[in-house]
Every structure is written in C-alpha cells, then in structure tokens.
Amino acid sequence: MPEIQNAVMLVGDAVLYFVALAALLRARNRIGLGVFFCALGVMHFLETYLASIFYVSLPFGLVASPGSTVLFTGKLMMLLLLYIREDAVVVRQPIYGLLFGNALLFALALVMRHHGLLASTIGGTADFSFLDQMGALMIWGTAVLFFDCIFIILLYEHARRWFGDRLFVRLAVVSAIVMTFDQLAFFAGLRMLTGAGLSTLIGGWVAKMAAVALYSLLATYYLRYYEAIQGRRRTEPRLGDVFQLLTYRERYEDLLKHIGCDALTGALDRGYLESRGRQVVADAVAAGKPVTLILIDIDHFKSFNDRFGHAAGDTALKRIYHEIAEAVRVNDLTFRFGGEEFIVIAEGLCAEEAFMAGDRIRRRIGANVDPLTTRVTASVGVASAPKDGADYDALFAVADRRLYQAKSAGRDCVIDEGSGLAATPVPLVPAG
C-alpha cells in the first residue's frame with residue numbers, strides 16, 4: 001500500500017537526516033561548528049518549501065509533509081543536542097543566522113522585482129509571488145523556531161526533576177510538548193498564507209509525534225554511546241534567564257564570575273563554600289532540618305597526574321564534577337574544595353539517603369571517568385546534622401575523619417555515620 005510505503009520512507013528520511021547531522025555535530029571539534037550550521041541552513045529552505053506544498057498520504061487517512069515531519073522536527077532535535085553538548089549561547093547562532101537570512105531573502109525579492117528584465121532565453125520567468133510566500137513562511141517559521149528553542153531548553157532542564165536520568169523519556173516528553181506548540185503556531189501561518197485545511201494540522205501533529213519518538217530514541221543512543229554528556233551542570237533557568245543567555249554572552253560570563261564558580265570544572269568554588277555553604281548548614285540546623293556534608297577525594301590523583309600529565313588530570317576533574325552533579329539532586333550544592341577534593345551539601349536527607357547519595361557519587365565516578373582507559377575511583381566521607389554535629393565545622397571534621405577511614409579501608413568506598421557502612425568497591429578495570 002502506498003500509505004505504508006510513505007510511512008516507511010519517512011522513517012528512512014529521518015534516520016538519514018539524523019545520522020548525517022549527528023556526524024557533523026560529533027566532528028565539530030575537528031571541522032568546526034560552521035559545517036553543522038551551514039547544513040542546517042541549507043535544509044531550512046527545503047523544509048519550508050515541502051511544508052507549504054508537498055504532502056503524502058499515511059495510514060489511517062492521515063496526510064503529512066516530510067518537510068515539517070522529518071526536517072523541522074529533526075532540526076529542533078539537533079538544536080537541543082547542540083545545547084546539551086555546548087550551551088544556549090551556541091544555539092542562538094544558527095537561529096539568528098536563519099532569521100537574518102530569511103529576512104534578507106524577503107527584502108531582496110522585493111527589490112529585485114523592479115529590475116528591468118531581458119526576454120527569457122531559457123523558457124521561464126522568475127516567480128516572485130512564490131518567493132514572497134516562501135519568504136514570509138520562512139520568517140514566520142524561524143520566529144516560531146526561536147521560541148521553540150527557548151521553550152525546549154526550559155523544559156529539558158526542568159524535566160530533570162520529573163524524570164531524573166531517564167534520558168529518552170526526558171527528550172521525548174519535552175519534544176512532544178514543544179512540537180505540539182510548534183504545529184499549532186506554524187499551521188496558523190500556513191493557513192493564512194496558503195489556506196491549508198485542518199487535515200494538515202491533525203495529520204502533521206500525529207506524524208510529528210511519531211518523529212519525536214524516533215528522534216528521541218536516536219538522540220538517546222547518540223548521547224549514551226557516541227558522546228557522553230559532560231561539562232558544567234546547568235541550573236534550572238527561568239524564562240528571562242534563557243533570553244539573557246541566548247542574547248548576551250558577556251552578561252552570562254559576568255554572572256558566572258559573581259556566583260563563585262571554579263574556573264576549571266564549573267563547580268561552586270571554595271570561597272562560595274565558606275559563605276553560602278556555611279549558611280545553608282546553619283539555616284538547616286536552626287530550622288531543625290537534617291543536612292548532610294559529603295566529602296569526596298579522588299584516589300591516587302597525584303599518581304594519575306604524574307602518569308598522564310596535568311592536561312589529562314584537568315579533563316578528569318571536569319568529568320568528575322559532572323558525574324557528581326548528575327548523581328545528586330537539583331537543589332544540592334556541589335563545591336570544589338581544592339585540588340581533587342569536592343564537597344556536596346544536601347538538605348533533607350535521612351541517614352540512609354545520605355549514605356546512598358555518597359555511594360551513588362562513588363559509583364558514577366568509578367564507572368564513567370576513564371579518560372585514558374584507567375578507571376578513576378573516589379573515597380567518600382559522609383556526616384549529617386544534627387547527629388554528627390550542629391555546625392559546618394563539626395560536620396566537616398567528622399566527614400574528613402570518615403574520608404580517611406575510607407582510604408584506610410582500601411579506598412573506593414564510603415564511610416558514613418557510626419554504623420561504619422562501607423560500599424563494596426567495584427572491581428578495577430585493567431589499564432590499557
């Protein structure tokens with residue numbers, strides 16, 4: 001049946017699109033992001049053209065356009081991947097470029113129609129009405145894309161609270177919400193310019209939801225197996241913050257300087273620990289709430305630096321911070337205490353939850369930080385108020401003592417309150 005054949009071909013189109021663009025994204029450190037951006041730009045005209053005039057029949061009487069279903073949905077997913085791997089400042093570049101280019105196309109078409117033309121020698125004439133329609137659609141589509149990107153970034157960050165590390169669910173849910181908004185917004189412009197009917201809206205939405213599921217699966221596979229998520233953990237942004245982040249890099253960098261971020265890893269620094277960290281502990285104790293201090297020290301890190309060099313050590317520290325940040329909750333505070341030591345301050349954890357948090361950190365570091373095929377491990381000491389102390393200094397002293405107990409016990413383990421619970425170390429992966 002042609003409907004089934006069309007559905008299968010749309011899946012093939014989507015896989016081809018994703019694999020090609022993901023390969024360019026993966027190679028950005030070697031060939032630059034310009035290649036990736038140019039490929040997105042080239043596809044932009046085609047997707048708008050197809051979305052306006054080219055539709056295919058699908059099972060259950062649905063109709064959809066490959067331009068909207070495959071190319072636009074794919075582009076939004078690629079921009080989300082770009083945000084995950086880079087930042088929102090980078091994402092703004094192709095969006096602004098597309099918006100400016102489309103506006104320029106529309107303006108030039110208006111001017112060029114006033115040229116004095118020679119008689120055609122190739123059997124055709126320029127269709128400026130077509131360019132007018134396409135230019136208007138592309139400007140409208142890019143404006144919608146701008147809000148789509150802000151919306152999907154906000155939802156993706158907020159969804160960490162809802163879905164944790166379930167990456168596929170996170171990608172699929174936020175993409176489905178944003179693509180529903182996009183379908184309604186783009187259809188409004190399409191209907192005004194081309195008179196498209198409601199069957200276009202309904203069929204396009206169903207097809208986009210199927211595309212969202214496929215692209216989310218492909219993106220999850222890409223992030224898990226081709227490019228592990230790393231780097232500075234982002235805090236949950238507000239709408240105004242995202243506008244600032246997309247528009248003003250200088251203000252964003254200035255903000256980082258003033259919130260006390262460690263320059264290498266992106267963790268909160270020791271100065272901020274001395275002010276904010278102490279205050280969090282004091283406020284929790286005063287309110288009668290439990291608060292936990294987790295002290296993490298990377299095992300044999302000096303030997304690692306001596307063996308592989310400080311550049312490799314810096315890379316490992318960045319990955320270690322990322323793994324710590326992924327292991328704790330959104331509202332927990334992660335500080336770089338100095339060298340290869342990190343501190344996490346977490347409110348509201350019972351004794352068992354505090355130990356589990358420490359062990360989760362230890363396991364993530366041991367499982368995922370291997371920049372040179374040598375597994376990096378960590379020893380962890382955990383102390384909680386009010387049982388282990390009533391202020392920051394008391395908690396730190398207890399956590400520090402337990403950290404050295406963990407090292408004496410063979411490293412790669414966690415020691416918490418008086419029960420002396422210790423995690424069973426994960427077997428080492430042989431070097432090389």
**OP:** Side-chain contact test, heavy atoms from C-beta onward, threshold under 4.5 Å: evaluate it for Leu273 versus Leu333 and give yes or no.
**Re:** no

Subject >> Nearest atoms (heavy-atom pairs only) where Asn305 meets Gly313 >> reply: OD1-CA, 3.2 Å

**OP:** Could you grab the distance from atom CZ of Phe37 to atom CG of Leu82, nearest 0.5 Å is fine?
**Re:** 5.5 Å

Subject >> Side-chain touch Val56/Phe54, heavy atoms, less than 4.5 angstrom >> reply: yes

Original post:
Measuring from Leu58:CG to Met9:CE, what's the distance to the nearest 0.5 Å?
Top reply: 12.0 Å

Original post:
Does Phe337 reach the side chain of Phe342, with side-chain heavy atoms less than 4.5 Å apart?
Top reply: no

Subject >> Basic-acidic side-chain contact under 4.0 Å: Lys318, Asp314 >> reply: no

**OP:** Report the C-alpha separation of Arg362 and Asp412 in whole Å, then their side-chain angles, then the decisive distance to 0.1 Å, and conclude whether the salt bridge (charged side-chain N to carboxylate O under 4.0 Å, His left out) test is met.
**Re:** CA-CA 7 Å; Arg362 179 194 68 86; Asp412 191 20; 3.0 Å; yes

Original post:
Taking all non-hydrogen atoms of both residues, which atom of Ser216 and which atom of Met77 are closest, and how far apart?
Top reply: OG-CE, 3.7 Å

**OP:** Over 60° means perpendicular and under 30° means parallel, so classify the ring planes of Phe301 and Phe304, tilted if in between.
**Re:** parallel

**OP:** Might you point out which heavy atoms bring Ile296 and Ala378 nearest each other, and give the distance in Å?
**Re:** CG2-CB, 3.9 Å

Original post:
Going from CG on Leu349 to CE on Met356, what distance comes out if it is rounded to the nearest 0.5 angstrom?
Top reply: 10.0 Å

Original post:
Is there a side-chain contact (heavy atoms from CB on, under 4.5 Å) between Met43 and Tyr17 once you walk through the steps?
Top reply: CA-CA 10 Å; Met43 292 294 100; Tyr17 179 92; 4.0 Å; yes

Original post:
How many angstroms lie between atom CZ of Phe36 and atom CG of Leu79, to the nearest 0.5 angstrom?
Top reply: 6.0 Å

**OP:** Look only at the side chain of Ser65 and the backbone of Leu50, and say whether a donor-acceptor pair between them is shorter than 3.5 Å.
**Re:** yes

Subject >> Beyond-backbone contact of Asp359 with Arg363, side-chain heavy atoms, under 4.5 angstrom >> reply: yes

Original post:
Which pair of non-hydrogen atoms, one from Asn368 and one from Arg319, has the smallest distance, and what is that distance?
Top reply: O-NH2, 3.2 Å

Original post:
Is any side-chain heavy atom of Tyr83 less than 4.5 Å from a side-chain heavy atom of Val91?
Top reply: yes

Subject >> N-O pairing of Lys289 and Glu347 below 4.0 Å >> reply: no

Original post:
Mind checking whether Ile343 and Ile294 have side chains closer than 4.5 Å, heavy atoms only?
Top reply: no

Original post:
Once the angle between the rings of Phe18 and Tyr222 is folded into 0 to 90°, is it parallel (under 30°), tilted (30 to 60°) or perpendicular (over 60°)?
Top reply: perpendicular

Original post:
Would you call Arg336-Asp269 a salt bridge at under 4.0 Å N-O?
Top reply: no

Original post:
What pair of heavy atoms forms the shortest contact from Ala64 to Ala207, and how long is it?
Top reply: CB-CB, 3.6 Å

Original post:
Can you check whether Asp182 reaches Leu76 side chain to side chain, under 4.5 Å on heavy atoms?
Top reply: no

**OP:** Report the distance from atom CZ of Phe335 to atom CZ of Arg270, rounding to the nearest 0.5 Å.
**Re:** 12.0 Å

Original post:
Are the side chains of Leu403 and Val380 in touch, meaning some heavy atoms are under 4.5 Å apart?
Top reply: no

Original post:
Can Ile345 and Asp332 be said to form a side-chain contact (heavy atoms from CB on, under 4.5 Å), step by step?
Top reply: CA-CA 6 Å; Ile345 294 179; Asp332 295 338; over 6 Å; no

Original post:
Closest approach of Ala351 and Asp416, non-hydrogen atoms and distance?
Top reply: O-OD2, 4.0 Å

**OP:** Would you confirm whether Ser275, through its side chain, and Tyr272, through its main-chain N or O, come within 3.5 Å as a donor-acceptor pair?
**Re:** yes

Side chains of residues 166-177: which donor-acceptor pairs under 3.5 Å do they make with residues two or more places apart or in other chains?
unit_1 : atom_1 : unit_2 : atom_2 : d
Arg166 : NE     : Phe163 : O      : 3.3
Arg170 : NE     : Tyr156 : O      : 3.2
Arg170 : NH2    : Tyr156 : O      : 2.9
Ser175 : OG     : Leu171 : O      : 2.7

Original post:
If we ignore angles and hydrogens, is there a donor and acceptor under 3.5 Å between the side chains of Ser379 and Asp299?
Top reply: yes

Original post:
Is it the case that more than 12 heavy atoms not belonging to Phe181 sit under 6.0 Å from its CZ atom?
Top reply: yes

Original post:
Would a line drawn from the ring center of Phe151 to the ring center of Phe147 be shorter than 6.0 Å?
Top reply: no

Original post:
Distance only, no hydrogens: is a donor on one side chain within 3.5 Å (strictly under) of an acceptor on the other, for Ser303 and Asp306?
Top reply: no

**OP:** Give, for atom CD of Glu353 and atom CZ of Arg360, the distance between the pair rounded to the nearest 0.5 Å.
**Re:** 9.0 Å

Original post:
side-chain contact (heavy atoms from CB on, under 4.5 Å) between Lys75 and Leu98: does it pass, once the steps are laid out?
Top reply: CA-CA 12 Å; Lys75 178 171 67 180; Leu98 289 171; 4.1 Å; yes

**OP:** Kindly determine whether Ile415 and Phe355 satisfy side-chain contact (heavy atoms from CB on, under 4.5 Å), including the steps that lead there.
**Re:** CA-CA 8 Å; Ile415 303 291; Phe355 170 76; over 6 Å; no

